[in-house]
Amino acid sequence: QVQLVESGGGLVQAGGSLRLSCTASGIIFRLSDMGWYRQAPGKQRELVATIARDGSTNHAESVKGRFTISRDNAKNEVYMQMNSLKPEDTAVYYCNAKWRMNYWGKGTLVTVSS
């Protein structure tokens, strides 16, 4: 079975940093495109960043310059370094993997206080 497990969420003050991790199993990780999505209260889930199997990345304009997605194929892990956090970054962050089909983690909550 496919399993994506996120970690690293928590409470942080505005301007602070967090590093999210997602550990994948049940997929050929090196052949999977990975991403982070988030869903804030009362809003739809939105793309935050993606990193393809070849390592190419894309970041949403709202986080560009502040968040950085990366992956370690040897560990089957994808990360997102989040700096200069803002209250509007508060959301549940979900790990996504695409390998033949899309898979989702259960999410990790990030709360940024003002």
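Around the CZ atom of Arg19, the shell of radius 6.0 Å holds more than 12 heavy atoms that belong to other residues, nucleotides or ligands.
Arg66 has its side chain within reach of Asp89: a pair of non-hydrogen atoms, C-beta onward, lies under 4.5 Å apart.
Results of the side chain to side chain contact (heavy atoms under 4.5 Å, CB included) test with Val78 over Leu4, Leu20, Asp72, Ile69 single out Ile69 as the only residue that passes.
With values rounded to the nearest 0.5 angstrom, Ser62 atom OG is found 9.0 Å from Glu88 atom CD. For the atom pair OG (Ser17) and CZ (Phe67), the distance works out to 9.5 Å, reported to the nearest 0.5 Å. Atoms CG and OG1, from Leu109 and Thr90 in turn, are 8.0 Å apart once rounded to the nearest 0.5 Å. Note that CD of Gln3 is 6.5 Å distant from CD of Gln1, once rounded to the nearest 0.5 Å. Distance check, rounded to the nearest 0.5 Å: CG of Leu31 to CG of Asp54 gives 11.5 Å. To the nearest 0.5 Å, the span separating CG on Leu85 from OG on Ser113 amounts to 10.0 Å.
The closest side-chain donor-acceptor pair between Ser21 and Glu77, if any, does not fall under 3.5 angstrom. Using modelled atom types and a 3.5 Å distance limit, the side chains of Gln81 and Tyr79 yield no donor-acceptor pair.
In the hydrophobic clustering of ILVMFWY residues, with side-chain heavy atoms under 4.5 Å counting as a link, Met34 and Trp99 come out together. Under the 4.5 Å side-chain heavy-atom criterion for Ile, Leu, Val, Met, Phe, Trp and Tyr, Val92 and Val110 are members of distinct hydrophobic clusters. Taking hydrophobic clusters as Ile, Leu, Val, Met, Phe, Trp and Tyr residues chained together by side-chain heavy-atom distances below 4.5 Å, Val5 does not share a cluster with Ile28.
Nearest heavy atom pair, residue Cys95 against residue Glu6, reads N-OE2, 2.8 Å. Looking at every heavy atom in both residues, Gly26 comes nearest to Val2 through O-CG2, 3.5 Å. Taking both residues in full, the closest heavy atoms of Ala49 and Met80 are given as CB-SD, 4.3 Å, listed atom of the first, atom of the second, then distance. Here the closest non-hydrogen pair linking Leu18 and Gly8 is CD2-O, 3.8 Å.
Between the Arg53 side chain and the Arg30 main chain, no donor and acceptor come within less than 3.5 Å of each other. Side-chain N or O atoms of Thr108 include one that pairs as donor or acceptor with a backbone N or O of Gly9 at under 3.5 Å. Judged by distance alone, with hydrogens and angles left aside, the side-chain atoms of Asn96 form a donor-acceptor pair with the main-chain N or O of Tyr103 at under 3.5 Å.
A cation-pi geometry, defined here as NZ or CZ lying under 6.0 Å from the six-membered ring centre and within 45° of its normal, does not hold between Arg38 and Tyr94. In this structure, Arg71 forms a cation-pi arrangement with Phe29, its terminal cationic atom sitting closer than 6.0 Å to the ring centre and no more than 45° off the ring axis.
Evaluation of the ring-ring contact (aromatic ring centres under 6.0 Å, His included) rule for Tyr37 yields Trp104 as partners, not counting sequence neighbours.
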Determine, step by step, whether His59 and Thr50 satisfy the side chain to side chain contact (heavy atoms under 4.5 Å, CB included) criterion, reporting the C-alpha distance in whole Å, the side-chain angles of both residues, the deciding distance to 0.1 Å, and the verdict. CA-CA 7 Å; His59 298 78; Thr50 61; over 6 Å; no
